[in-house]
Peer 1: 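Could you have a look at this structure, given as structure tokens, before my questions?
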Amino acid sequence: MSITALDGKRFAEMVIQGANHLAANAKMVDALNVFPVPDGDTGTNMNLSMTSGAKEVKNNVQEHIGKVGVALSKGLLMGARGNSGVILSQLFRGFSKAVETKAQISGNDFAHALESGVETAYKAVMKPVEGTILTVAKDSAKKGVQAAQNSNDIIVIMEEVLIEARASLKRTPDLLPVLKEVGVVDSGGQGLVFVYEGFLAVLKGEMLPDTPSASLSMDELVNTEHHKSVQGHINTADIEFGYCTEFMVRFEQEKTAKHPFSEVVFRNDLSQLGDSLLVIADEDVVKVHIHSEQPGDVLSYGQRYGNLINMKIENMRQQHTNIVGETHVAPAAEKQGSPKEQQEYGIVAVSMGSGIADLFRSIGAHAVIEGGQTMNPSTEDIVKAVKEVNAKKVFILPNNKNIIMAAQQAADVSEEDIYVIPSKTVPQGLSALLAFNPSAELQANKASMNDALEHVKTGQITFAVRDTQIDGLDIEKDDFMGIAEGKIVVKNKNKGKVTEELLLQMLDDDSEILTIIYGEDVSEEEVSQLTQFVEENYQDVEVEIHNGGQPLYSFIFSIE
């Protein structure tokens, strides 16, 4: 059997099989992750990225391979997460660009498209590091071009690509000292090998199982001495930039007229704020991945050019701590408290749930007060937090209508200059915080933060503690209630049904981004089911998910 021409339908099958095989082995890839940060999520991120690409391909299966490639590139760009996920998206962005005008491709076209993908990926990375997925992609693509000189059979070429990808993967510890020190191969490179295995299986008419690969054991890939996770060989304190920050900027003409966008300038400016920087731009959006100690500064810079979408900020020190079971003591820059020198602006936010508190801190809050529906902070609590921030001007985000009065009272009695942004919900508070610009004048910040409150819709799922009648509904104790913009609009004994019905009422054709913040009583299965429901019913809505850890509210929804 030989294949000398590859069309869109067969390529779509390759993408889908590659994504499925990677998904089946994502946990193994996670276990290898020590570079650039040992946060144990490379497999998860590559899986989510490739799955997003495969989903777009499934919706656009056709004979024309160039058009299928465009769909793959779009899906990968929108879903790309993490260093390796973003690089993976660039490998296939370059591949797709090379075949964009072709209805079908030859073996030589296929090999050179892989090489084009490598060139695109290297350009996207600020400081390429060898011994990573980049090296595996480069070495295997080069081998594919060599194979294409002797054969136009795409099966033969893909076999040579995969053989070299595996060989290159085994060489990664010789190129990257941290891999040799810990005793692992590169996690991103291993993820790419799984994708390529899926490609070859389709070309040969085979099906790979939806279970972890039996051809590889962890003993072959990782030093399992003392049964310790590889991430345990790295100290949490060695992580220099603690927040993995990802987002996209959707360009706005008014802003780009004031700040003309240059990818080179944009990349150079952001490189001063962290490392592991990747920047990908097209006509409408720019996607950013960076490890930073001050993610709020990164987001504020991005806002110069347009609206922020698809934001994800993760505390990598905490991720590492959770994996290895250390007791993590945050560095001074990460702790809540008073800076050494008085700063111009300070942000105090009220939060319920540790995950929501981390989210507020990660996007720029200087102090977070634990509080919420049943535990409102006092005026004294708020004044104390304001003093700890030590800023000339302090904004307070109450994030609950019952806390606004206490915040305003704190502003009245405090000697500091305090300005209350009357956020009634967590989504409103997050939206207002993202609108804050540390380089803007006071009145401009007040106006933009207050204006941001009006551009987000809030939904909440909670339960009734007693029988009552409200908003025209007869509610029984332990009923789950769906609340839209402060009004109860649906109730049911089944949490899942209430949640789905609430979203059906709140999401519409104008909805672009749904942020799901799930609480302490919600399982991963429930989150997965809800995500699937949204994807099936609202394909154009981008979904962001955060573990808020909040009590009382199973889900908090932000809709933009």
Peer 1: Rounded at 0.5 Å granularity, tell me how far CG in D297 sits from CD in Q272.
Peer 2: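 That separation rounds to 12.5 Å.
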
Peer 1: Tell me the closest heavy-atom pair linking N47 and A23, and the distance in Å.
Peer 2: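 Smallest interatomic distance, heavy atoms only, reads OD1-CB, 3.2 Å.
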
Peer 1: Which pair of non-hydrogen atoms, one from T120 and one from G94, has the smallest distance, and what is that distance?
Peer 2: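 Heavy atoms of T120 and G94 come nearest at OG1-CA, 3.3 Å.
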
Peer 1: Which residues pass the ring pair (Phe, Tyr, Trp, His ring centres under 6.0 Å) test with F360, sequence neighbours left out?
Peer 2: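 By the ring pair (Phe, Tyr, Trp, His ring centres under 6.0 Å) rule, F360 matches no residue at all.
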
Peer 1: Could you tell me whether a side-chain N or O of E252 sits under 3.5 Å from a main-chain N or O of K255, the two making a donor and an acceptor?
Peer 2: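 Here the side-chain-to-backbone pair does not exist.
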
Peer 1: Does the distance from a Lys or Arg side-chain N to an Asp or Glu carboxylate O, for K97 and E100, drop under 4.0 Å?
Peer 2: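 Salt bridge between K97 and E100, a charged N being under 4.0 Å from a carboxylate O: yes.
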
Peer 1: Just how far is it from atom CD1 of I396 to atom CD1 of I418, taken to the nearest 0.5 Å?
Peer 2: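 With rounding to 0.5 Å, CD1 (I396) is 4.5 Å from CD1 (I418).
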
Peer 1: Strictly by salt bridge (charged side-chain N to carboxylate O under 4.0 Å, His left out), give each pair with a member in residues 529-543 just once, sequence neighbours left out.
Peer 2: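 For residues 529-543, and leaving out neighbouring residues, there are no salt bridge (charged side-chain N to carboxylate O under 4.0 Å, His left out) pairs at all.
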
Peer 1: Apply ring pair (Phe, Tyr, Trp, His ring centres under 6.0 Å) to Y345 and list each qualifying residue two or more places apart in sequence or on a separate chain.
Peer 2: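 Y345: ring pair (Phe, Tyr, Trp, His ring centres under 6.0 Å) contacts with F395, F436.
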
Peer 1: Evaluate E560 against E512 for side-chain contact (heavy atoms from CB on, under 4.5 Å), listing each step before the verdict.
Peer 2: CA-CA 6 Å; E560 299 176 62; E512 295 183 349; 5.8 Å; no

Peer 1: Quick one, F555 with V498, criterion side-chain contact (heavy atoms from CB on, under 4.5 Å). Give me CA distance, side-chain angles, the key distance, then yes/no.
Peer 2: CA-CA 11 Å; F555 291 103; V498 169; over 6 Å; no

Peer 1: Are K258 and E254 close enough for a salt bridge, meaning some N to O gap below 4.0 Å?
Peer 2: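 Salt bridge flag = no for E254 with K258.
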
Peer 1: Quick test of your reading: applying ring pair (Phe, Tyr, Trp, His ring centres under 6.0 Å), list the pairs with at least one residue in residues 261-288, sequence neighbours left out, ordered by first then second residue.
Peer 2: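 For residues 261-288, and leaving out neighbouring residues, the ring pair (Phe, Tyr, Trp, His ring centres under 6.0 Å) pairs sorted by first residue read F251-F261, F261-F266, F261-Y305, F266-Y301, F266-Y305.
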
Peer 1: Measure the shortest side-chain to side-chain distance between V394 and Y419 over non-hydrogen atoms and say whether it is less than 4.5 angstrom.
Peer 2: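 They are not in side-chain contact.
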
Peer 1: With a 4.5 Å limit on heavy-atom distance, are the side chains of K123 and Q90 in contact?
Peer 2: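 The answer is no, as the side chains (C-beta and beyond) never meet within the 4.5 Å cut-off.
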
Peer 1: Taking atom types as modelled, is there a side-chain donor on N437 or S300 under 3.5 Å from an acceptor on the other?
Peer 2: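 No pair is found: no donor N or O on one side chain lies under 3.5 Å from an acceptor on the other.
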
Peer 1: Listing request: all salt bridge (charged side-chain N to carboxylate O under 4.0 Å, His left out) pairs with a residue in residues 405-430, at least two apart in sequence or in separate chains.
Peer 2: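 Qualifying pairs, neighbours excluded: K387-E416.
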
Peer 1: side-chain contact (heavy atoms from CB on, under 4.5 Å) for I421 and N450? Distances and angles first, verdict last.
Peer 2: CA-CA 6 Å; I421 305 299; N450 277 292; 3.7 Å; yes

Peer 1: Among residues two or more places apart or on two chains, list those pairs meeting side chain to side chain donor-acceptor pair (under 3.5 Å) that have a residue in residues 52-61.
Peer 2: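 Every candidate side chain to side chain donor-acceptor pair (under 3.5 Å) pair involving residues 52-61 fails, so no pair, neighbours aside, qualifies.
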
Peer 1: Are K393 and E344 side-chain neighbours, meaning at least one heavy-atom pair lies under 4.5 Å?
Peer 2: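 Side chain of K393 against side chain of E344, heavy atoms only: contact under 4.5 Å found.
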
Peer 1: Determine, step by step, whether R304 and V249 satisfy the side-chain contact (heavy atoms from CB on, under 4.5 Å) criterion, reporting the C-alpha distance in whole Å, the side-chain angles of both residues, the deciding distance to 0.1 Å, and the verdict.
Peer 2: CA-CA 9 Å; R304 294 184 186 183; V249 179; over 6 Å; no

Peer 1: Please identify each residue that fulfils ring pair (Phe, Tyr, Trp, His ring centres under 6.0 Å) with F247, with sequence neighbours left out.
Peer 2: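 Not a single residue meets the ring pair (Phe, Tyr, Trp, His ring centres under 6.0 Å) criterion with F247.
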
Peer 1: Do L299 and L308 make a side-chain contact, defined as non-hydrogen atoms from C-beta onward lying under 4.5 Å apart?
Peer 2: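 Answer yes - side chains close enough.
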
Peer 1: How long is the gap from CG on L502 to CD1 on I488, to the nearest 0.5 Å?
Peer 2: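 If we round to the nearest 0.5 Å, L502:CG and I488:CD1 are 11.5 Å apart.
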
Peer 1: Please give me the minimum heavy-atom distance between S351 and V368, naming the atom from each residue.
Peer 2: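 In terms of heavy atoms, the two residues are closest at CB-CG1, 3.5 Å.
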
Peer 1: For the backbone of I347 and the side chain of H366, can you confirm whether one donor and one acceptor N or O come within less than 3.5 Å of each other?
Peer 2: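 Present.
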
Peer 1: I'd like to check the ring pair (Phe, Tyr, Trp, His ring centres under 6.0 Å) partners of Y518; sequence neighbours left out, ordered by chain and number.
Peer 2: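 Checked Y518 against ring pair (Phe, Tyr, Trp, His ring centres under 6.0 Å); zero matches.
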
Peer 1: Within a reach of under 6.0 Å around NZ of K74, are more than 12 heavy atoms found that belong to other residues, nucleotides or ligands?
Peer 2: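 Atom NZ in K74 is not packed in, count stays at 12 or less.
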
Peer 1: Taking the side chain as every heavy atom from C-beta outward, state whether M352 and L552 have any atom pair closer than 4.5 Å.
Peer 2: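 When only atoms from C-beta onward are counted, L552 and M352 do not touch, as no gap falls below 4.5 Å.
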
Peer 1: Enter the distance from H289:NE2 to E246:CD here, rounded to the nearest 0.5 Å.
Peer 2: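 Going from the NE2 atom of H289 to the CD atom of E246 covers 4.5 Å.
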
Peer 1: Does V527 offer a backbone N or O that forms a donor-acceptor pair with the side chain of T531 under 3.5 Å?
Peer 2: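 Pair found, side chain donor or acceptor close to backbone of V527.
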
Peer 1: For the backbone of V86 and the side chain of S89, can you confirm whether one donor and one acceptor N or O come within less than 3.5 Å of each other?
Peer 2: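 Such a contact is found between S89 side chain and V86 backbone.
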
Peer 1: Once rounded to the nearest 0.5 Å, what's the spacing between atom CG of L76 and atom CD1 of I87?
Peer 2: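 With rounding to 0.5 Å, CG (L76) is 13.0 Å from CD1 (I87).
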
Peer 1: Which heavy atom of V286 sits nearest a heavy atom of V279, and at what distance?
Peer 2: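 Looking at all heavy atoms of both residues, the closest pair is CG2-CG1, 3.6 Å.
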
Peer 1: Checking D521 now: which residues fulfil salt bridge (charged side-chain N to carboxylate O under 4.0 Å, His left out) with it, not counting sequence neighbours?
Peer 2: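 Per chain and number, D521 pairs via salt bridge (charged side-chain N to carboxylate O under 4.0 Å, His left out) with K495.
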
Peer 1: Give the minimum heavy-atom separation between V57 and A12, together with the two atoms involved.
Peer 2: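 Shortest heavy-atom separation between V57 and A12 comes out as CG1-CB, 3.5 Å.
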
Peer 1: Of the non-hydrogen atoms in A349 and N399, which two are nearest, and what is the gap between them?
Peer 2: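 The pair with the smallest heavy-atom distance is CB-ND2, 4.0 Å.
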
Peer 1: Would you find a donor on one side and an acceptor on the other, under 3.5 Å apart, between the side chain of S96 and the backbone of F92?
Peer 2: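 Confirmed, S96 side chain pairs with F92 backbone.
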
Peer 1: To the nearest 0.5 Å, what is the distance between CD1 (I16) and OG1 (T51)?
Peer 2: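 Output value for this atom pair is 11.0 Å.
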
Peer 1: Taking 4.0 angstrom as the limit, do K384 and D381 come out as a salt bridge?
Peer 2: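 No, this pair does not count.
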
Peer 1: Of all residues at least two apart in sequence or in a different chain, which pass the side chain to side chain contact (heavy atoms under 4.5 Å, CB included) check with V541?
Peer 2: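 Listed in chain order: S511, L514, Y538.
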
Peer 1: Quick one, N492 and F480 - any side-chain contact, counting heavy atoms below 4.5 Å?
Peer 2: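 Of all side-chain heavy-atom pairs linking F480 with N492, none is under 4.5 Å.
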
Peer 1: Pairs of donor and acceptor atoms involving the side chains of residues 451-461, under 3.5 Å and at least two apart or interchain, shall be tabulated with distances.
Peer 2:
residue: H455; atom: ND1; partner: D451; partner atom: O; Å: 2.8
residue: K457; atom: NZ; partner: M506; partner atom: O; Å: 2.7
residue: T458; atom: OG1; partner: T425; partner atom: OG1; Å: 2.9

Peer 1: Return the set of residues passing side chain to side chain contact (heavy atoms under 4.5 Å, CB included) with A19 (not counting sequence neighbours), or none when no residue passes.
Peer 2: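 With neighbours one apart ignored, the set is M50, A54.
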
Peer 1: Heavy atoms, side chains only, cut-off 4.5 Å: are S558 and I517 in contact?
Peer 2: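 A side-chain contact is absent here, since even the closest heavy-atom pair is not under 4.5 Å.
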
Peer 1: Would you find a donor on one side and an acceptor on the other, under 3.5 Å apart, between the side chain of S292 and the backbone of L273?
Peer 2: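 Here the side-chain-to-backbone pair exists.
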
Peer 1: Please answer whether the main-chain N or O of V420 pairs with a side-chain N or O of Q408 as donor and acceptor at a distance below 3.5 Å.
Peer 2: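 Checking the backbone N and O of V420 against the side chain of Q408, no donor-acceptor pair under 3.5 Å is found.
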
Peer 1: Is there a side-chain contact between E526 and L530 in this structure, where contact means two heavy atoms from C-beta onward sitting under 4.5 Å apart?
Peer 2: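 In short, these two side chains do not touch, never coming nearer than 4.5 Å.
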
